[in-house]
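Just below is one structure, and these are the notes that go with it.
Convention: sequence-line order gives letters A, B, ...; per-chain numbering from 1.
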Number of protein chains: 4
Amino acid sequence: MSEGKEESAPAPSPGGRGSGDKRERILRGAIRVFARNGFYKTRVSEIAEAAGVADGTIYLYFKNKDDVLISIFEDRLDALIRVLKREIAKCQTVEEKVEKIIHLQLDLLETERDLAEVITVNLRQSSRLLKEYAAPKFEAYLQVIAHVISEGQTSGVFRNDVHPVGAARALWGSLDGTLMTWALGDAKPSTLRKASTNIASIFLRGLAAEGG
Amino acid sequence: MSEGKEESAPAPSPGGRGSGDKRERILRGAIRVFARNGFYKTRVSEIAEAAGVADGTIYLYFKNKDDVLISIFEDRLDALIRVLKREIAKCQTVEEKVEKIIHLQLDLLETERDLAEVITVNLRQSSRLLKEYAAPKFEAYLQVIAHVISEGQTSGVFRNDVHPVGAARALWGSLDGTLMTWALGDAKPSTLRKASTNIASIFLRGLAAEGG
Amino acid sequence: MSEGKEESAPAPSPGGRGSGDKRERILRGAIRVFARNGFYKTRVSEIAEAAGVADGTIYLYFKNKDDVLISIFEDRLDALIRVLKREIAKCQTVEEKVEKIIHLQLDLLETERDLAEVITVNLRQSSRLLKEYAAPKFEAYLQVIAHVISEGQTSGVFRNDVHPVGAARALWGSLDGTLMTWALGDAKPSTLRKASTNIASIFLRGLAAEGG
Amino acid sequence: MSEGKEESAPAPSPGGRGSGDKRERILRGAIRVFARNGFYKTRVSEIAEAAGVADGTIYLYFKNKDDVLISIFEDRLDALIRVLKREIAKCQTVEEKVEKIIHLQLDLLETERDLAEVITVNLRQSSRLLKEYAAPKFEAYLQVIAHVISEGQTSGVFRNDVHPVGAARALWGSLDGTLMTWALGDAKPSTLRKASTNIASIFLRGLAAEGG
DNA sequence: AATGAATGAGAATTCATTCAT
DNA sequence: GATGAATGAATTCTCATTCAT
């Protein structure tokens, strides 16, 4: 209560052992139901049911329904950025890095189809809301890609006549658009793998320096 | 509800001339307010106000709120596809056609920022709803792009090792992603024009046949 | 929408004839149910039922449940003050005026027992809320009484050693307390009439100037 | 609920000494928060916080939230009645007794402003609830006052033409109304003291027998 | 055709109370 | 006895849709 007027999410974090996973269970449940029905069509009681908790428990861990969606982005995008950075660091060439970015992301989401749908579809659900919350996190994500392209330009592997952030947006857009049509369609993993190879190849050649 | 499979819009506007513009006014108003607040946050009364008609009048021209959104896609995507096809037909080479697709779309939406936001943001608002209604129309749109790529492959200008529809999705994704970040950001026309040139250049080179 | 950000109550005030009494019907229904169950124990749906309108209709005429209570005070106290002033003006002596105040108020409320209970009991229900809204109106009411006492002091009929507003408060308190115990008890009109005579007599003699 | 007519409070506090002050701490905390926000706007968790105990602990000492309010009346009114009776007994004349009643009560509440607000404001919060529980205790309190008046009538000091209980109600009402306006206003002790003198003087003269 | 007051189903959120620790 | 996380019933308010005018 000494911090009573804070704005973010509460956090019971109980006795000490065990049930600290309740927040995580709610996030997982929410991802599942948001993916199926979209943010607005999902009732809080459905999130609760999917998480196996009571309706009121949601409000012990999140300020409101919006906060649940925001928290998904914050948690999951953070994790994605972390993995991305770690894996990129292992690559030798920038080409490999670009390929890694593409494969990693499509692969990751292939294994977490619900999260894919939530991030691609729901990211745009509450414009005003997420413009404020998700935008910064999203910017950080784009920076990781832009940085790789910029690196390639410096080392002479990539052409200098494209704006790194612009290219990053285009690349992200390709991945996102592909994911969306894949996730909304009937989503065969093989399709995604082929798409991923195609995108890598188009972008790598499209970005290559003249003499490359 | 008892007659579920009705034609979507009642469509008064008898003879052909005259008050038929009320439907159009409603669509325009809806585009404006959907762009500002998103589909779910927009109240039917707000659409009515933006269109300068009474709440009840909406239901004379549209089955319900969903139908207004669906109609925007149907009308506007149709128009976009028509323009796209007509302009493409005027181009000599496939490269020109690809460039035309890109510039046309970004230019068009630059002049109709609201429609851009509705199409990129709201397309994803009601998964289930639009999956059924917008998907087919959207597929037709992708086919136009895929057809140009396919044409380039046949004539030996584009590489054969990419799937035309996959490439079309990637290209659409690039445009859409660029538009979204542009529309949600502070949206300077010049940015969009530069982005458009970059995307064209990346894709054209990325799609070019070896010896091209 | 040009006046969109106003703070008070909306006001449909329909076509022109007739149903303008809906607001009044809601107020009357609310008085009835607030009297029976108190403000907090009364559900909005009960107000609606008592008024014979749909739940949502309440919100066409009032901002929220609080606003209904506030409006009762504003409307009814205003009416009471108006009657009070008019009747007082008809009296010859200040003694008559004081008697009029007492009888008028107890009589009035005798015929509107529900209103009596709402004003005496519910006035104090939402401290903070009514402190802001009802207090000013209430002050105006006390002023009417204080003014009569002050008048009596000037003309030498009443003693000068009491503060007019303080005496007004005491007189109001007597009436209010009597009303409360009467309204909460089994409320026989005769009891109230006797009480009213007693109070008048105590206060008149209590306020009289020495030589009176 | 199945055992409706239970004794009100569970009352742990075994032997007699020791932790029995927890009940008192809760009552004190409740008086504080009820005074600030009213009964209905006060959450049980706020009472707990004000008392420095856990939410659940409240239920070890009180059956429920209602019971806390009821207990405040029972405890505090009892104490007030005891003090009243004791002090009255010390007075020589009935006039002194009436003055004692007035000063005692206003003085007492001046030093316990929160309790004043709880008793005057909250007494009326839950009609049905308190009608049953507080009414009898309140009746006992009125009887003390009525008895003094009755005594004065018998001894010829007070006029016989007023009903003792009616006069007691009027006197109580004056005190209560004065307290309310004082407690809800900016509550300067001096105001209250002056008011108290005024009330005493009005009532004593108002109740005096003709030849007094 | 057009209107907009009225409707009432639906959903988010709160909070008194319980009970495992 | 004490705790406070969890519960879920209860309630306000919103807003798509209808329909009398």
Item to check | Nucleotide-resolved protein contact map, nucleotides 7-14 of chain F, B/S/- at heavy-atom distance under 4.0 Å | outcome: BB--SSBB
Next on the checklist: Can you list everything that forms a salt bridge (Lys or Arg N to Asp or Glu O under 4.0 Å) with C:K65? Sequence neighbours excluded, please.
Outcome noted: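 For C:K65 there are no salt bridge (Lys or Arg N to Asp or Glu O under 4.0 Å) partners, ignoring immediate neighbours.
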Next on the checklist: Holding to salt bridge (Lys or Arg N to Asp or Glu O under 4.0 Å), I want the full list of residues that pass it with A:R76, two or more places apart in sequence or in another chain.
Outcome noted: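 Expected list: A:E24.
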Item to check | Heavy-atom closest contact (B:I31 atom, B:D114 atom, distance) | outcome: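 Residues B:I31 and B:D114, closest heavy atoms: CG2-CB, 3.7 Å.
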In whole angstrom, give the distance that lies between atom [atom1] of [X] and atom [atom2] of [N].
X     : N      : atom1 : atom2 : result
A:F62 : E:dT13 : CZ    : P     : 13 Å
D:I58 : E:dC19 : CD1   : P     : 18 Å
D:Y61 : E:dT17 : OH    : P     : 18 Å

Item to check | Residues that C:D55 engages under side-chain contact (heavy atoms from CB on, under 4.5 Å), provided they are two or more places apart | outcome: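 Listed in chain order: C:S45, C:A48.
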Item to check | Residues in side-chain contact (heavy atoms from CB on, under 4.5 Å) contact with D:A30, at least two apart in sequence or another chain | outcome: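 Listed in chain order: D:F34, D:I47, D:V68, D:I72.
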Item to check | Side-chain heavy atoms of C:K137 within contact of C:F73, under 4.5 Å | outcome: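 No. Closest side-chain heavy atoms not under 4.5 Å.
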Next on the checklist: I need the full list of salt bridge (Lys or Arg N to Asp or Glu O under 4.0 Å) pairs touching residues 44-53 of chain C, with sequence neighbours left out, sorted by first then second residue.
Outcome noted: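 Sorted pair list: C:R43-C:E46.
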Item to check | Residues that C:N64 engages under side chain to side chain donor-acceptor pair (under 3.5 Å), provided they are two or more places apart | outcome: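 Side chain to side chain donor-acceptor pair (under 3.5 Å) check on C:N64 returns nothing, list empty.
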Next on the checklist: For DNA chain F, report each stem as range with range, ordered by first number, or say none. Use Watson-Crick or G-U wobble pairs under 3.5 Å, at least 3 in a row.
Outcome noted: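 Only these stems qualify: E:2-21 with F:2-21.
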